[in-house]
Amino acid sequence: MSERKKDKEEKLYSQTQLAKELKVSQSTITRLIRDSGIKPTKAVGKKKLFSKDQLKILRLSSFERKKDNNKNADTSGLSIFLQEEIKRLHEENEKITERYTEQLKAKDKQIDDLNERLSESHKLQLGLENQLKMLPEATKEPEKQGEATVVKEPKKAPEPEKRGFWSRIFNK
């Protein structure tokens, strides 16, 4: 269950973490955020937190900004950036696949255990049914008297005399 919560709660980055991730200065991050019009996902006090998707947008904005600053830059920078992004996504996909494979194996084991228990239960039930069939037929048949059929009931032990609360306590 905790894995599901981790999936739902995506990692949030502060401006300092964004600067380290993109390898740019704090002021550049502030400028990129202002220019791209990105609003923080969450604000804790004065600290502004941004999501992974917003990090991607800032990464692209940073790349575009670098490209504009360096007019002679060719498209190889973009292709390198995209290749790195593809590698990162591929690694993330492999981790998720491994986690789900482990979960499936655990569920398969649980299903196998339940099938074994069901089989044992079925065998026990068949054994009990066979034992019931082997019981003598005399105990099952009611006695016939004239037209009416009477089933013998076992005799009950006589009920003890009902006594009051104080008499039970003082044995009188």
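Everything quoted here is computed from the prediction, not taken from an experiment.
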Residues 117-128, side-chain donor-acceptor partners within the protein, below 3.5 Å, at least two apart:
none

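- With contacts defined as side-chain heavy-atom distances shorter than 4.5 Å, the pair K52/K11 does not qualify.
- Taking all atoms of both residues into account, the shortest heavy-atom contact from S25 to T28 is OG-OG1, 2.8 Å.
- Within the 4.5 Å cutoff, the side chain of F50 has no heavy atoms near those of the L55 side chain.
- Taking Q131 as the reference, nothing meets the side chain to side chain donor-acceptor pair (under 3.5 Å) condition, with sequence neighbours excluded.
- Identified under the side-chain hydrogen bond (donor to acceptor under 3.5 Å, both in side chains) test for residues 81-92, with sequence neighbours left out: R59-E85, E85-R88, R88-E92, H90-E94.
- Atom CG in L58 sits 5.5 Å away from atom CD1 in I33 (nearest 0.5 Å).
- Within the model, atoms OG1 of T97 and CG of L104 stand 10.5 Å from one another, a figure rounded to the nearest 0.5 Å.
- Side chains of S27 and T30: a donor-acceptor N/O pair is absent below 3.5 angstrom, by distance only.
- Residue pairs that meet the salt bridge (Lys or Arg N to Asp or Glu O under 4.0 Å) test with at least one member in residues 24-50, sequence neighbours left out, are D35-R65.
- Not counting sequence neighbours, the partners of T41 by the side chain to side chain donor-acceptor pair (under 3.5 Å) test are Q54.
- In this structure, L49 belongs to a hydrophobic cluster whose other members, linked by side-chain heavy atoms under 4.5 Å apart, are L12, V44.
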